[in-house]
Amino acid sequence: MADNLDRERMVPRDANATSKAASGACLLRTRGLSKQYGPVTVLSNVSIEIEAGEIHAIIGENGAGKSTLMRLISGYVDPSAGSLEIEGHAVSFATPHEAQDAGIVLVHQEILLADGLTVAENLFLGRELTRNGVVDDRRMQQIAADKLAELGCHVSPNRLVRDVALADRQLVQIARALLDDYKLVIFDEPTAVLTGNEVERLLDIVLRLKERNIGVLYISHRLDEVQRLADKVTVLRDGKMVGTYPGRTLSQMDMAELMVGRELSALYPPKSDAKPGEPMLRVMNATVPGYVEDVSFTAHKGEILGLAGMVGAGRTELFEGLVGLRPASARIELNGVPLHIRSQREAIDAGIGYLTEDRKAKGLLLQERLAPNLTLSALGRFHPGLYLRKRRETAALAEAVAQYDIRLKSLKVTAGQLSGGNQQKLLLAKILLTDPSVVIIDEPTRGIDIANKAQIYTFIRKLVGQGKACIVISSEMQELIGLCDRILIMRQGRINGEVSGEQMTETNIALFATADTEGGQAAVGGRA
Amino acid sequence: MSTVTQSAPSRRPRDFAFSWADAGPFLALAALLVIGFLVNPDFLSVTNLSNVITRSAFIAIIAVGATFVISSGGLDLSVGSMAAFITGITILFMNAMAPSWGAWAIPAGMVVALMTGLACGLANGVIVTVGKIEPFIATLGTMGIFRALITYMSDGGTIPIDRTLREAYRPVYFGTVGGIPIPILVSLAVAAIASFILYKTKYGRKCAAAGANEDVARYSGISIVRTRTIAYVVQGACVAIAAICYVPRLGAATPTTGVLWELQVITAVVIGGTALRGGKGHIWGTVAGAVILELIANLMVLSDFVSEYLVAAVQGVIIIIAMLIQRFSK
Amino acid sequence: MSTVTQSAPSRRPRDFAFSWADAGPFLALAALLVIGFLVNPDFLSVTNLSNVITRSAFIAIIAVGATFVISSGGLDLSVGSMAAFITGITILFMNAMAPSWGAWAIPAGMVVALMTGLACGLANGVIVTVGKIEPFIATLGTMGIFRALITYMSDGGTIPIDRTLREAYRPVYFGTVGGIPIPILVSLAVAAIASFILYKTKYGRKCAAAGANEDVARYSGISIVRTRTIAYVVQGACVAIAAICYVPRLGAATPTTGVLWELQVITAVVIGGTALRGGKGHIWGTVAGAVILELIANLMVLSDFVSEYLVAAVQGVIIIIAMLIQRFSK
Amino acid sequence: ADKKTVAVSIPAADHGWTAGVVYHAQAAAKEINAAFPDVEVIVKTSPSATAQVSALEDLSAGRKLDALVILPQTSEELTMPVKAVKDSGAFITVVDRGLNDPAIQDLYVAGDNIAVGKNTAKFLVEKLGGKGNLVVLRGIPTVIDDERIKGFQDGIAGSDLKILDIQYANWNSDEAFKLMQDYLAKYPQIDAVWANDDDMLLGVLEAVKESGRTDIKFALGGNGMKDIVKKVIDGDAMTPVETPYPPSMIKTAIYMTVANLVGHAPVRGTVKLDAPLITQANAAEFYFPDSPF
Ligand SMILES: Nc1ncnc2c1ncn2[C@@H]1O[C@H](COP(=O)(O)OP(=O)(O)OP(=O)(O)O)[C@@H](O)[C@H]1O
Ligand SMILES: Nc1ncnc2c1ncn2[C@@H]1O[C@H](COP(=O)(O)OP(=O)(O)OP(=O)(O)O)[C@@H](O)[C@H]1O
Ligand SMILES: O[C@@H]1[C@@H](O)[C@H](O)OC[C@H]1O
Ligand SMILES: [Mg+2]
Ligand SMILES: [Mg+2]
């Protein structure tokens, strides 16, 4: 609660109220918004105000209720109590479309696009441009290409969404919200799946919205972004408001502590001094047609190996190919024993676990409860004889919930009802349940709050401490640098460089990720 | 209902006239023509092909409607009995009017057919969307209802069209314009209009969106209820048009008119490249699918080496092979 | 992809014996029994109910298999003709063996039936999964093939079971154990085993996962090809068991045996609460669905106010209402 | 090259009787193709009226037909298409289910459906002493079905026989089994059952046997299925009589048609096969153990 926040720079809510007294009706005001699902209260009595031309950040731990609040504001969910006011007038929205008509648009945390339609079709869905009643595909494709280019996305508007990378899908989703003139644009963790350049571009765009006097609600677990952008920061904890604070007065540490309500220790666990052990996973001449060409590397026992690169560098494809999820060729040795992996099952059985970056479409059965999701890759462990032991599953779930600090209001919810970050934790638990000796995690902390990030990092460090090897694919350079012992950088389907120790700096990684090998190596001074 | 593991990326129809996504079924069609020619050279005779394509017009027209329904995420099993029902109503109406209106009873009857079709489609649509009943079951129900109504109307027998109208009506099936049989022209017109609607209007987009991802469509302000209901209404109109062309061919409505057409219609749509689970529809592929089905049946009659008892087996095998060609060509 | 927000919480079957998710169809069933009693008190007589439930056993057993297929994301239209084909093979085999093996030909025939069923199911499964053909079309193809094979085997006529075996075999349909007809016991046993498999084993989980989201299943190390193929094999086994019970009922296989069973089977599954698009299967709901269908038909005969011509219409209406009750009760 | 072509278009084997038709048609074709080198008989089956219309088009598009023997799926729908074949100069023989316009046919071979119904009815009136409760199972909605029912109703007219119920069982034994079970549940006292086709009778007998009911004195069919004729020969108490409606009429028709093409004596007009009551006395004449029907 706010009462223990006595440091002076953390200005309590009232300050905010006085500051806006002169400006009359604000753009959007919520009054006592609450949401219950059955007996469970996920949001209670939230009142916030957003001014035109203001960037208002909402932060909070996973499951704090941020996305729920945004859905209430933008017509996706009906409030159980409370009301909305736009420019002083009471409003209520039966559908998201009504909210859009009133000038409010939400960019979802989860990708919500029809993947059987093209990029341009998705972009203009429900508001197609027509000429004489005929849809004007050429113009829509043109505008789509332009809008996406502004965001730094260069996929062809004619491609099916199912064929484009996750980051590009997210950009399409963002572009959708920028297509019309809205009064209030809500971004729910827009940068979770984006990499450095794209993030910069997006932040730019957010600032330009502000310049155009548009209100922005911005949710992110990347507190540096919040710090750079926010005029005001509202902190939610466990469904309740902690307070609203003027943005620039808070340090990242302050924000984190407001979110969790206690003091935090360091984000990254100390790296081990022990030298990396034996080579564990050796990959030679891996080729994934169309994406990756002739890649070789080795991951050692007790080592956290990072993979950096720009979107489309082919990291995901490389590992999906290695674990049998897409056609690929490679020579793989695990502890010196050659492996022939033709399916994910064989990879799991061999002790290689891969955690997908696309938790929603490929990771979890959203309509299914948590226990069956948790155990899906490791059913054998719960099936000692004739039948599945549900009690063991329940026990495993309880353990996972405790170990990974999965926040849920009831054990009966489905995976889809978990907050985004908690879905990610469930997915992590699911993969680790197969007890892999090599753990490949594609974007381990996507959408995870800062406190839980620290937990996950500690956890990964503990895993390698137990003699496993861990490969972390991440688009957050900070994360790779803080966590990994060694980082490989991919560029256009090849490994373009490798850094370790002192050389693990953002500059070096960015160089390898963008420039071709000679230039990169020259700058870093040879491979480590 | 979903399909197999690696759903091949289907490309997007660019122009409403023709698209590469539809090429698969046309390849299968070409393969079939070649095989047919090898089996019996008469197969490629103009008369034979014109007969077969004319015949496939009914299924093609209905299947064009089904492409809307399936694309929007629905399914309609009632089309065959709906066709029988519409034919029955239309003939009864024409016969009743013939004494006073003479040949004018025919166009009037066509209007009645269309109205009935729209009403039947609307009924299906409303049950499925407002009643929120799985389309398979809802339209299985209405299939029974339409079938029973035609049986009831005909007292279990047949409803023949009045002799005085017969000759005047004949050209609708048997006539030609510029040497091309009228049913073929009608089905081309229906397909052309349909692909315009599906690929060139807002409604078409809504349809594909509703079938591709209901939630996304809903969030984009698309009313699933309205979109899908309209698809069923379009289906009703198509069934009516098919029925109008059909009357002169058989001259009567009977309780067995249109039995099992639904299976042929759905098969035509799927062979044509539209996925049963919804999404993008392929109108011209559907038309090709309908022709393929009719050609297979024709081939069975023209070839002599298949035992009468095994015809269905050979047809089954050919359909499966056609699907493999289609998939392979992607 | 659907969203977090508005997806109604779907309940999970807790125990393999019974679950609340299956309550809907049982409510519909109860409603039907009440209506039936009001229409004609004989409806609830022990003989009548026992007749009807015994009859529904075939569809129930086959539909239990269909629950696997549909749950895993497939569909099987071939079950009816597969049943006819298996019945034919089995009778031919029994008849051939009867002279030398006597009554032992019957259990041997049952083994043959089961083998044939497994083989047919495997064929369907492989065509759908390895051939990557839309299940609707693939099994429509094999439906034609099985149907043609039985027609061919019987020369279009009937394949009656040998007189010497007839009496010995009769009890499998007409016998009772503890007063309960054997087909009912068999279908209960099949359903119990099936729900054990679907709710209590690894395979059951895989099945539901494959149907709910193919990608998630694949990324969890589940082979879609294997899972779905096994579902078709289970379907084949169920059809074989149904065929075994069916033989003594009429003592012959004919080209019309099992015609349109596929529609009844799918209807039973859907009325039972399993979604056609795949995911969780509801075994006991399916059984209730099969009983509901047979009861509706029975009610039509026992009641007097429906014209014989309109029976199908009333059935259609009742099915739709049953679905509404089902939905409403959720 | 100057071979004469005879096309035979019949329904696909969709129940016992039509299976018999297919069997006899194929037998005739084989015999004739072997015996007459300059005649070719082609047999094509069609599963529905629409398919049969298509088959006619296909047959006449491919080659010139000298004669067509047709058992139409339905009367209305096939009338015009058969006329088109006729107009191309072919000799037309119609079998069983007639066409709407009798002027089209050169030869008509058929059974007597009215008699099938009426003779059965008369037998029941006599044996039940003009009094009793009946249930009836009918086939699929067609003219033939109507005629049989009409013949039957005419036959019991004036007596105190009462038809308690009459419903469709689609000439299918399984459906007949169910329908009969339901009749038995519905009516406590049934004196006799009439199924207007022997396929259905098989299902009826099974249901009656299983119910253990003793009130049913007669269960009769019609069509001359060999199993039923066998019962008559064996003096079965419940099914002591039968009416013939032999599927072999197709064979007769094919032979008569071919005779027209190769012979010198033209055969035209109508051949109506009698439907006398088959009793134990004359049953042997109607028993063909090798036929599939
Ligand atoms: N439909 C639902 N039924 C039940 N509980 C729900 C439902 N939707 C969300 N919840 C619960 O509401 C709580 C808040 O979720 P919300 O998605 O708002 O969190 P969040 O703050 O956005 O978290 P994250 O940072 O992880 O995205 C969670 O505990 C979640 O499980
Ligand atoms: N040569 C190319 N031309 C066009 N598109 C490409 C090309 N290479 C990759 N892409 C696109 O980028 C995607 C590859 O991105 P992918 O997710 O594999 O990369 P990644 O390195 O894992 O990046 P991320 O950080 O997003 O995980 C492909 O699905 C494709 O859409
Ligand atoms: O197919 C019909 C047959 O079943 C019936 O019994 O007699 C007349 C035929 O046309
Ligand atoms: Mg969230
Ligand atoms: Mg990636």
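These numbers were taken from a predicted model, which means no experiment stands behind them. Hydrogens, waters and symmetry mates are skipped; everything else that's a heavy atom, side chains included, is used.
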Heavy-atom closest pair, residues A:K430 and C:S220 = NZ-OG, 2.6 Å
query = Do C:S223 and A:Q344 pass the side-chain contact (heavy atoms from CB on, under 4.5 Å) test, and can you show the C-alpha distance, the side-chain angles, and the key distance before you say yes or no?
reply = CA-CA 8 Å; C:S223 157; A:Q344 169 82 326; over 6 Å; no
ask   = Does A:R345 reach the side chain of C:I222, with side-chain heavy atoms less than 4.5 Å apart?
value = no
task = Decide yes or no for A:K362 and C:N213: does some side-chain heavy atom of the first lie under 4.5 Å from some side-chain heavy atom of the second?
result = no
remark   = Between A:I348 and C:G221, the two heavy atoms sitting closest are CD1-CA, 4.0 Å
query = Would you say C:R218 and A:S343 make side-chain contact, with heavy atoms under 4.5 Å?
reply = no
request  = Could you tell me which portion of A:T375 (side chain, backbone, both or neither) has an atom closer than 4.5 angstrom to a non-hydrogen atom of chain C?
outcome  = side chain
ask   = Should the ring pair C:Y219 and A:Y354 be called parallel, tilted or perpendicular, given that the plane angle runs from 0 to 90° and is split at 30 and 60?
value = tilted
key: Residue pair C:V216 / A:L364, side-chain heavy-atom distance below 4.5 Å   = no
task = Give a yes or no on this: more than 12 heavy atoms of other residues, nucleotides or ligands lie within 6.0 Å of atom CZ of C:R226.
result = no
ask   = At a heavy-atom separation under 4.5 Å, does A:E320 approach chain C through its side chain, its backbone, both, or neither?
value = side chain
ask   = Just how far is it from atom CZ of C:R205 to atom CG of A:L376, taken to the nearest 0.5 Å?
value = 8.0 Å
task = With the side chain counted from C-beta on, respond yes when A:L388 and C:K200 share a heavy-atom pair under 4.5 Å apart, and no when they do not.
result = no
ask   = When you look at C:K280 and A:E368, which way does the side-chain contact (heavy atoms from CB on, under 4.5 Å) test go after all the steps?
value = CA-CA 9 Å; C:K280 264 288 146 55; A:E368 187 59 89; 3.0 Å; yes
